[in-house]
Amino acid sequence: MTHAIFDAWHDICGSDDIVAGTGMAARVLGRQLAIFSTNEGYFALGNGDPFSGANVLARGIIGDISGKLVVASPVYKQHFCLRTGICLEDMSVSVPVWRVSVRDGRICVSEGER
Amino acid sequence: MKSTRVVVIGNGMVGQRFLEELVARELSADITVFCEEPRAAYDRVQLSSYFSGASADDLSLVAPDFFSAHGIRLMLNESALRIDRERQLVIGSNGSEVPYDTLVLATGSFPFVPPIEGNDREACHVYRTLDDLDAIAASAKTSRSGVVIGGGLLGLEAAKALKDLGLETHVVEFAPQLMAVQLDVQGGVVLRDKIEALGVSVHTGKATQRIEAGDAQRHRLVFADGELETDLVLFSAGIRPRDQLAREAGLLVGERGGVIINDQCATSDPAIYAIGEVALWSGRIYGLVAPGYDMARQLAAHLAGDEAAAFCGADMSTKLKLLGVEVGSIGDAHGRTAGARTCQIDDSVAGTYKKLVLNAEGNRLLGAVLVGDTSDYGALLQYHLNDMALPSSPLSLILPAGDGKPALGVDALPDSAQICSCNNVSKGALCSAVSQGCSTMAALKSETRATATCGGCTALVKQVLDAELKRQGVAVNNHLCEHFAYSRQELYHVVRIHNIRQFDVLIRDHGCGHGCDICKPAAASIFASCWNDFVLDKPHVGLQDTNDNFLANLQKDGSYSVVPRIPGGEITPEKLIVIGEVAKKYDLYTKITGGQRIDLFGARVEQLPLIWRDLVDEGFESGHAYGKSLRTVKSCVGSTWCRYGVQDSVAMAILLEERYRGLRSPHKLKMAVSGCTRECAEAQSKDVGVIATEKGWNLYLCGNGGMRPRHAELFASDLDDATLLRYIDRFLMFYIQTADRLQRTSVWRDNLEGGLSYLQDVVIHDSLGLGAELEAQMQAVIDTYACEWKRTIEDPAALKRFRPFVNDYGPDESMVYVRERGQKRPMRSDEKAQALKIPVMETLS
Ligand code: SRM
Ligand SMILES: Cc1cc2nc3c(=O)[nH]c(=O)nc-3n(C[C@H](O)[C@H](O)[C@H](O)COP(=O)(O)OP(=O)(O)OC[C@H]3O[C@@H](n4cnc5c(N)ncnc54)[C@H](O)[C@@H]3O)c2cc1C
Ligand code: SF4
Ligand code: FES
């Protein structure tokens, strides 16, 4: 497996393009991300749900479980931590995490290091 | 307690558990801990998840303020170097001298590295600590392949880690089979096949003689009969107790290592104790965490003055998932007991192997081996541990699920049965926790620790929980979730009484935290039942399940289905043609549903508004197939055509469907109307069933098809139209106000105190004086009905959410289809892997 190394920040959208408390999918260099607007800021995960294979995490409900900020997959409802990408129900499963920063009202992402 | 100054050497899994057990007993002790590692205790059992994304913090076993809260002195990065037994002092690596009255050795073990030439070359590692893992990850960056030396439990775990790091992975084992301790020969063969199928090369019966510089790769492993080149080597050839401190202090140690302890975990010096993997009890070292936890518990009890506290050995049964392959080993897996008999199922088609080891009489379980499928592990372990009599055909216990398989009812287990072995939680302890209010798995876990370690007991714990809750008749804690200490019914009243219309306000004033996928949709449903606001208004969007959010049903591949309302199942030819045209235009899979209407599958998010614009233009409206709301009102053809019909069932069905369409409720609602007693519309299986009589209508309530079918009960007879509607209004609103979340009317009714006659009192005789209010509330919902799809396609803000990507309008190409029987269907994953491989290869080259 080869991994492209992205260091650059990618401009995605305006911060008001995502309704507070929801997620939206975005596409960056052919990869799908789920970007979430929460009370604690913006987060970005890979959009692929590892359990169903569908690209739908952006459409999950955001919440917190035992203090961890999570999104619930809309397919089979597993929870993924927005900070680490780890699945709460099965710690051996995780989705990629991207860094998010808001610059001049624009949401930008960059591939986070893990 | 006898002593005041307690010193613990080692803050690993068992050392930490000992501290917790000690502080839980609230003794006044002055505790100091030597911790050689740079961080406090973490979960070594889950170590491998570090490579699949868990952080050091995720693995931590220590609550944030644990040490400060209990006044425990933790010395990180500080090894104990020497024990001065005469002066009762421990000397640390940075010169500290800590006096003790009681000393506890919890130093664990170290990985054994075979004494072969070249074992200290670079990129040769062991697998025990987080630091080891960091070092392995660093070496892996410059490696293509890795070899694990040792094919035991830990070796296979390590192989998984190398695979996760993207290395070509080999396992080299000295013995002729994998996992020789836990599995028999055939089990080893099946495991090997499965592991090789995953792309890990297995080399058994190979003794590594030396490691030298390789030609193509960093190292060359030289065996008696061949060689293997690799970039990285991981030793996992067993563990050895870290007993050096004890040895040097003159404590008794075993011939092959390990500090000898008695049942109270005391060493040969009564002031010094040893627990965990460093301890040798009755000639055994336990390389698993559960026995160590038990030692920690017994020692803490002993120090607190409990005379009965004693470690009495532990069961070594294990259940694991190695490289995704399920493996279980119980008791005497090798059948070494005299007279033991075996029976097995070796299913090479399914790739599973299951063996039972029975006593000579064939009625008790001595041991078992399970490879490829451990679903029977929990039940078998209970038979083994509790010495329970086996069914007359023991083999039936390991048959595939289904016919003829006897269930191990948890009721059959004695209260003393140990359900969670990691944390020594018995069935009795679980039951008493449940009766004290733990009504969820999460609550049981935090109260008893059951399921908190390896998780292998989860299924059984759940069974005990369910059985116990059922036995007690009522759910003890009906809180919606961790964010609201209210039942759904209470929350409904909070919303109504305080006139709350937004989730932010509800959780700020009446809840805590941010909310979750349980309380958010429940609140959204309550808002909709109470106020009937548009579900896609901004404050509500984040509360809805994806189905409500996109007003369509999510399918397995991420596409959606479209279900227009067809009231009563009656449809004109023109409208049928419209549906056909729309399906053709957008290439949608078309199916007649079980609810007398038509479902169009395979729409992409961005197509939904286009499809609905076409449908709405032709007079269709949302069928609410996505909502917890009225679905369909099924009808039979009735008196209009049918020679037996006594009333116009179609007209009544349409009347009902149009009256209650869009009504949000705790769960979905289904109705049906039959034109005579022959009941072709199956009304008695619906939440609301109406059957025509000579004089009017019979009303049946609270039926259910689905998972647990329940016949509806006759509620009232020979009603005229107006009375029928009044009763249904009252019934539905009463249900909406009082039901739990996701509780169908059938389950609600079964839990309703007073039963059918109480419901008749409330609805027919208005015993609560609520009748007028319930009717008015229903009328308000009916009056404010608007087709959600019509509103959505006219609302630019709502439409904005139907973009595939916030920054790109192109479709999601991962949704791919093939044609079958003249229509499209989603590709299966095997077809998809093939289809999508082609473009991936192109971009790489
Ligand atoms: C499409 C349909 C199957 C079909 O091709 O015929 C269907 C499809 C689904 N059913 Fe159903 N059910 C369909 C008729 C039924 C019926 C028959 C009926 O309504 O007469 C039943 C039994 C009757 C009953 O509910 O009492 C039925 C009992 C269920 C249940 C079990 C409910 C229960 O109380 O046990 C579920 C699961 C649930 O709701 O939790 C379910 C859940 C589902 C879900 C929502 C599962 C899901 O989450 O994906 C499916 C959605 C498919 C979709 O995207 O539209 N479906 N389902 C039928 C749609 C009827 C309609 O026009 O709206
Ligand atoms: C990868 C892996 C997977 C495992 N999987 C499982 C499993 O699935 N199920 C299971 O039951 N068990 C499993 N185990 C075994 C389990 O982790 C051990 O049984 C358990 O950790 C033993 O606890 P302990 O406290 O005795 O030793 P440890 O957890 O090793 O802790 C000992 C601590 O003492 C420290 N120490 C040693 N000497 C000194 C000194 N002189 N001064 C100060 N500190 C010192 C060490 O640095 C270490 O931190 C696994 C182990 C590994 C490595
Ligand atoms: S029966 Fe099951 S698979 Fe079939 S439509 Fe209903 S929920 Fe889906
Ligand atoms: S048996 Fe391991 S957590 Fe219960």
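Quick note on labels: first sequence line is chain A, next is B, and so on, each numbered from 1. Quick note: numbers below take in every heavy atom, side chains included, and nothing from hydrogens, waters or symmetry partners.
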Within this structure, what is the [atom1]-[atom2] distance for the pair [X] and [Y], rounded to the nearest 0.5 Å?
| X | Y | atom1 | atom2 | value |
| --- | --- | --- | --- | --- |
| A:Ile65 | B:Ile518 | CD1 | CD1 | 7.0 Å |
| A:Thr22 | B:Lys538 | OG1 | NZ | 9.5 Å |
| A:Asp49 | B:Lys556 | CG | NZ | 13.5 Å |
| B:Asp57 | A:Arg83 | CG | CZ | 11.5 Å |

Might you point out which heavy atoms bring [X] and [Y] nearest each other, and give the distance in Å?
| X | Y | answer |
| --- | --- | --- |
| B:Glu482 | A:Gly67 | OE2-N, 4.2 Å |
| A:Ser94 | B:Gly53 | OG-CA, 4.4 Å |
| A:Ala25 | B:Pro804 | CB-O, 3.4 Å |

Got a sec: does the CG of A:Asp104 have more than 12 other heavy atoms crowding it under 6.0 Å? no
Heavy-atom distances under 4.5 Å only: say whether [X] touches chain B with side chain, backbone, both or neither.
| X | value |
| --- | --- |
| A:Ser66 | both |
| A:Met24 | side chain |
| A:Val19 | side chain |
| A:Leu69 | side chain |
| A:Ile86 | side chain |

Kindly say whether B:Gly515 contributes a backbone atom to a donor-acceptor pair with the side chain of A:Asp64 at under 3.5 angstrom? yes
Between B:Lys520 (side chain) and A:Ile62 (backbone), is there a donor-acceptor pair under 3.5 Å? yes
What option among A:Gly85, A:Ala26, A:Gly21 has the most heavy-atom pairs under 4.5 Å with chain B? A:Ala26
Proximal component of B:Tyr50, with respect to chain A [non-hydrogen, under 4.5 Å]: neither
So which part of B:Leu59 gets closer than 4.5 Å to some heavy atom of chain A, the side chain, the backbone, both or neither? side chain
Who among [options] has the most heavy-atom pairs with chain A under 4.5 Å?
| options | result |
| --- | --- |
| B:Ser55, B:Pro539, B:Ala54 | B:Ala54 |
| B:Asp517, B:Asp58, B:Asp504 | B:Asp517 |
| B:Lys160, B:Arg801, B:Met815 | B:Arg801 |

Please say which of B:Val605, B:Asn549, B:Asp545 ends up in a side chain to side chain contact (heavy atoms under 4.5 Å, CB included) with A:Arg59. B:Val605
Any residue meeting salt bridge (charged side-chain N to carboxylate O under 4.0 Å, His left out) with B:Arg803, in chain and number order, not counting sequence neighbours: none
Go through the steps for A:Gln32 and B:Asp812 under the test side chain to side chain contact (heavy atoms under 4.5 Å, CB included), then give the verdict. CA-CA 9 Å; A:Gln32 287 200 26; B:Asp812 173 359; 2.8 Å; yes
Under 4.5 Å between any side-chain heavy atoms of B:Thr546 and A:Val56, yes or no? no
Do A:Arg27 and B:Asn807 come within less than 4.5 Å of each other through their side chains, counting heavy atoms only? yes
